[in-house]
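Take a look at the structure set out below.
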Amino acid sequence: MTEERKQIEWQPFLAEFLGTGLLMLLGLSLVIVMFGQDAPGAALIPNYKVRQAITGFLFGCVGCGITLSPIGRVSGAHINPAVTLGFRLMGKMDVKTTLGYILAQLIGAEAGCFRLLLWGAMGKSIQYGGTIPPSHLSTLSVLTGEIIVTFVLIVMLCFFIAWRKIRAYTPFMIPFLYAIMVPLEADISGTSTNPARSFGPALVSGDWHGWWIYWVGPLAGMLIAIIICSFFAKQIEVARLYHFESDNRRFFSNKSDKK
């Protein structure tokens, strides 16, 4: 086995582990600073909706930074099981790689969220940034909220990645998208759009209330988006959110399934 082949075998999975861990640690730390008990964000930005928009934008900036970093160069920076499964349904990844990515993302989310314990009472007051269904809303309302926001995310990713002229702007779209979606939808479901993002805080806080919604909702939203955007699939070249000149197309193209 050549050195290149060894790199292909394990480095993308490690990158997904690290990328998801960083998203949890940095992104959810922002949530804690903005909305935790006695958090400084509330004093700095008293308007609740403005604070939500800024938090969504900054959370998206973390994801954007990971995508443009060496981590994104290696793995494509999915950092979300719904995104990975979307690429699989479009035929851009094989089954082994898909399962490896999802496992790496879940383990990475766990590792990143355990560091959130350092926030102490401030983090604990909001389940370390966890997504919990509000008690005053029906399960159907919360589930529908997750389906809608994940649908929008996947449609926007498909649209940007499919068209060569705007493909390079894909990571920069994400902060603005979350800056819009979070203040509009966060009070319904928490705007997770990512099963790993909800899994990590639930594991750390021990609060699994409504946990299945944050699997079923994002996956259902992704599935609907992929069906509707199926005509984009032929224009999506590789399973990544940003296309570097040195893309490893041998790894990301699903050649094994085409034989």
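For the numbers below, each heavy atom of this structure counts, side chains included, while hydrogens, waters and symmetry mates do not.
Considering only residues two or more places apart in sequence or on other chains, Tyr178 meets the side chain to side chain donor-acceptor pair (under 3.5 Å) condition with Thr193. Shown here are the side chain to side chain donor-acceptor pair (under 3.5 Å) partners of Glu16, two or more places apart in sequence or in another chain: Ser75, Gln105. Applying the side chain to side chain donor-acceptor pair (under 3.5 Å) criterion to Thr131, with sequence neighbours excluded, gives Ser198. Every residue meeting the salt bridge (charged side-chain N to carboxylate O under 4.0 Å, His left out) condition with Asp187, not counting sequence neighbours, appears here in chain and number order: Lys49.
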Notebook entry, point to check: Run the side-chain contact (heavy atoms from CB on, under 4.5 Å) check on Val149 and Ile188 step by step: do they pass?
Noted result: CA-CA 11 Å; Val149 289; Ile188 299 174; over 6 Å; no
Next item on the list: Take Arg88 and Tyr101 through the side-chain contact (heavy atoms from CB on, under 4.5 Å) test and state the conclusion after the steps.
Entry: CA-CA 11 Å; Arg88 168 59 196 162; Tyr101 264 44; over 6 Å; no
Checklist line | Full working for side-chain contact (heavy atoms from CB on, under 4.5 Å) between Ile126 and Val31 | finding: CA-CA 9 Å; Ile126 55 168; Val31 175; 4.0 Å; yes
Check: Run the side-chain contact (heavy atoms from CB on, under 4.5 Å) check on Val155 and Ile228 step by step: do they pass?
Finding: CA-CA 8 Å; Val155 166; Ile228 292 176; 5.6 Å; no
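Side-chain atoms of Gln11 never come within 3.5 Å of backbone atoms of Val74 as a donor-acceptor pair (strictly under, hydrogens ignored). Remark: side-chain polar atoms of Ser125 are paired, donor with acceptor, to backbone N or O of Gln37 under 3.5 angstrom. No side-chain donor-acceptor contact under 3.5 Å links Glu146 to the backbone of Tyr214. A distance-only check finds a donor-acceptor pair linking the side chain of Ser69 to the backbone of Ile66 [under 3.5 Å]. Looking only at distances, a side-chain donor or acceptor of Arg240 sits under 3.5 Å from a matching main-chain atom of Gly72.
Chaining together hydrophobic side chains whose heavy atoms lie under 4.5 Å apart places Leu184 alongside Ile180.
Side-chain contact between Leu157 and Leu241 is present, with at least one heavy-atom pair separated by less than 4.5 Å. Cys113 is not listed as a side-chain neighbour of Leu25, based on a closest heavy-atom distance of 4.5 Å or more. With a 4.5 Å cut-off on side-chain heavy atoms, Arg197 and Asn80 do not count as touching. Using a 4.5 Å cut-off on side-chain heavy atoms (C-beta onward), Thr84 and Met93 make contact. With a 4.5 Å cut-off on side-chain heavy atoms, Leu103 and Leu99 do not count as touching. Ile213 has its side chain out of reach of Ser189: every pair of non-hydrogen atoms, C-beta onward, lies at least 4.5 Å apart.
To the nearest 0.5 Å, atom NZ of residue Lys92 and atom OG1 of residue Thr98 are 13.0 Å apart. The CD atom of Gln52 sits 11.5 Å away from atom CD1 of Ile45, with the distance rounded to the nearest 0.5 Å. Note that CD1 of Ile132 and CD of Gln127 are 5.0 Å apart. Values are rounded to the nearest 0.5 Å. Rounded to the nearest 0.5 Å, atoms CG (Leu58) and OG (Ser29) are 12.5 Å apart. For the atom pair Ile236 CD1 and Phe160 CZ, the distance stands at 13.0 Å (nearest 0.5 Å). To the nearest 0.5 Å, atom OG1 of residue Thr67 and atom CG of residue Leu23 are 9.0 Å apart.
The nearest pair of heavy atoms linking Tyr128 to Ser205 is CD1-CB, 4.0 Å. Of all heavy-atom pairs between Met122 and Val33, the closest is SD-CA, 4.4 Å. Nearest heavy atoms, Asn194 versus Pro218: N-CG, 4.1 Å. Closest approach of Thr97 to Phe13, counting heavy atoms only: O-CE2, 3.7 Å. Across all their heavy atoms, Tyr242 and Pro171 have their closest contact at CD1-CG, 3.5 Å. Closest non-hydrogen pair, Ala39 versus Ile32, comes out as CB-O, 3.5 Å.
By the rule that hydrophobic residues join a cluster once side-chain heavy atoms approach within less than 4.5 Å of another member, Met222 and Phe231 end up as members of one cluster. Both Phe159 and Ile227 are part of a single hydrophobic cluster, where members link through side-chain heavy atoms under 4.5 Å apart. Cluster annotation: Leu26 is not connected to Leu118 through the hydrophobic network of ILVMFWY side chains, with a link wherever side-chain heavy atoms come within less than 4.5 Å.
Atom CH2 of Trp163 is surrounded by 12 or fewer heavy atoms from other residues, nucleotides or ligands within 6.0 Å. Phe176 CZ: 12 or fewer foreign heavy atoms inside a 6.0 Å radius.
Listed by first then second residue, pairs satisfying ring-ring contact (aromatic ring centres under 6.0 Å, His included) with a partner in residues 16-52 read Phe35-Tyr48, not counting sequence neighbours.
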